[in-house]
Amino acid sequence: MNDAERARRPLRPQRQHLETLAAQAAGYVEPLTGAIVPSIQPATTFVRGRDYQAPSPTDYIRTRNPSGAPAEELLARLEGGAEAFLFSSGMAAVNAVVMALRPGDHIVLQKSLYYGVRNWILSFAQDWGLSVTLVESDDEAAFQAALQPGTTKLVWIETPSNPLWNLVDIAGLAALAREAGARLAVDNTVATPLLTQPLALGADIVMHSATKYLNGHSDVLAGALVTARKDSFWARIQSYRQQAGPVLGSFEAWLLLRGMRTLPLRVSRQCETAAFLAARFNGHPALDDVLYPGLPEHPGHAIARRQMKGGFGAMLSLLIRKGETAAIKVAESCRLFLPATSLGGVESLIEHRATVEGPESPVPRHLLRLSIGLEHAEDLAADLEEALHAAA
Ligand SMILES: Cc1ncc(COP(=O)(O)O)c(C=O)c1O
């Protein structure tokens, strides 16, 4: 196989399963060496060629980091999008979308979602001259009423959403947004493309905190956007990334690709364990409720059954009957579940969201958020049982 043939491998057009795409990093082979793992390219600048032509694909790392290309290619394929861009964090990716709007534009924003996104859009929107309408996730009529045809340019949702794991019907909302001339952006961090592919359901942009499941090992801060099509809005996002510079570093991009290669395996096991724990603790006398979209009584269950394939996610929340102090005691008493924020890693985490989010948080004060990792399900169940007992 010569260099040119090797270079063609990533471009193979045939349809492959997501597991195959991930394991093979979308067919990546380094054109120059035949290496099946990309090199880490730390250079920030690249020499020009004959006639002072800019080298391809980049002359400077802020314009485009070639070390990010394999992970971008893989993510675009997993999400079924036209192109993906990596960013230095999930929040930088969110910001890139908001910065692509113009003063006077209107955003419809789901009320209950990751608080960092809500707070950032609300605070930034005012300074940037944008208006925002907040809408409850399960209220399609409210979404419809909030849309201002011609003025609403962005609808932003997260599904399942932090920390109640509410579901939004992506296909239904995409149709409403399109009718109003707005773009639908979906934070797909929690579902991952393994469980939900928003672009296939009509969304325009998918966002990830790649810090979470995509990387999966709690050692990279990264964000990503994937677009359904390369249009003028996407060009504005690209221009913002190039000029403002929230690009991902080379080592982080390398680690991210490494993590993504096992994404399907991790997500599948994590979902299985989460479903097991949700069923095991549902109805537990120390709990008021277990919030998990896989449980038939969860308000988003019907949408989740339609929209999520292969699992209901690996995030769940527990409402501790005895209240906030007992909830904090449960988090402190766990030995396997680590009392830390974030999600999507191989190690299970437990957190008291109201403490993390601060006094303004709308999250119930007796809620504990659980991110399920790759430990044995029975060990996790025993850990939780003991912690619930200790706080009883
Ligand atoms: C659902 C969701 N979206 C966005 C973000 C922000 O991503 P990052 O922390 O990578 O900036 C987070 C972080 O917790 C998140 O959980």
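Below, all heavy atoms of this structure are taken into account, side chains as well, without hydrogens, waters or symmetry copies. Remember, it's 1-based here, ligands and their atoms both numbered in the order they're listed.
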Any side-chain heavy-atom pair from Val37 and Trp254 closer than 4.5 angstrom?
-> yes

Any chance the rings of Trp165 and Phe312 have centres within less than 6.0 Å?
-> no

Short N-O contact, Arg369 and Glu357, less than 4.0 angstrom | no

Within the side chain of Arg241, is there an N or O that forms a donor-acceptor pair under 3.5 Å with the backbone of Ala96?
-> no

Heavy-atom side-chain proximity of Trp156 to Val98 below 4.5 angstrom | no

For ligand 1, which of its N or O atoms have a protein N or O partner closer than 3.5 Å, and how long is each gap?
from     : atom 1 : to     : atom 2 : distance (Å)
ligand 1 : 3 (N)  : Asp187 : OD2    : 2.7
ligand 1 : 7 (O)  : Ser209 : OG     : 3.1
ligand 1 : 10 (O) : Gly90  : N      : 3.0
ligand 1 : 10 (O) : Ser209 : OG     : 2.8
ligand 1 : 10 (O) : Thr211 : OG1    : 2.6
ligand 1 : 11 (O) : Gly90  : N      : 3.0
ligand 1 : 11 (O) : Met91  : N      : 2.9
ligand 1 : 14 (O) : Lys212 : NZ     : 2.8

Do Ser123 side-chain atoms and Trp120 backbone N/O form a donor-acceptor pair below 3.5 Å?
-> yes

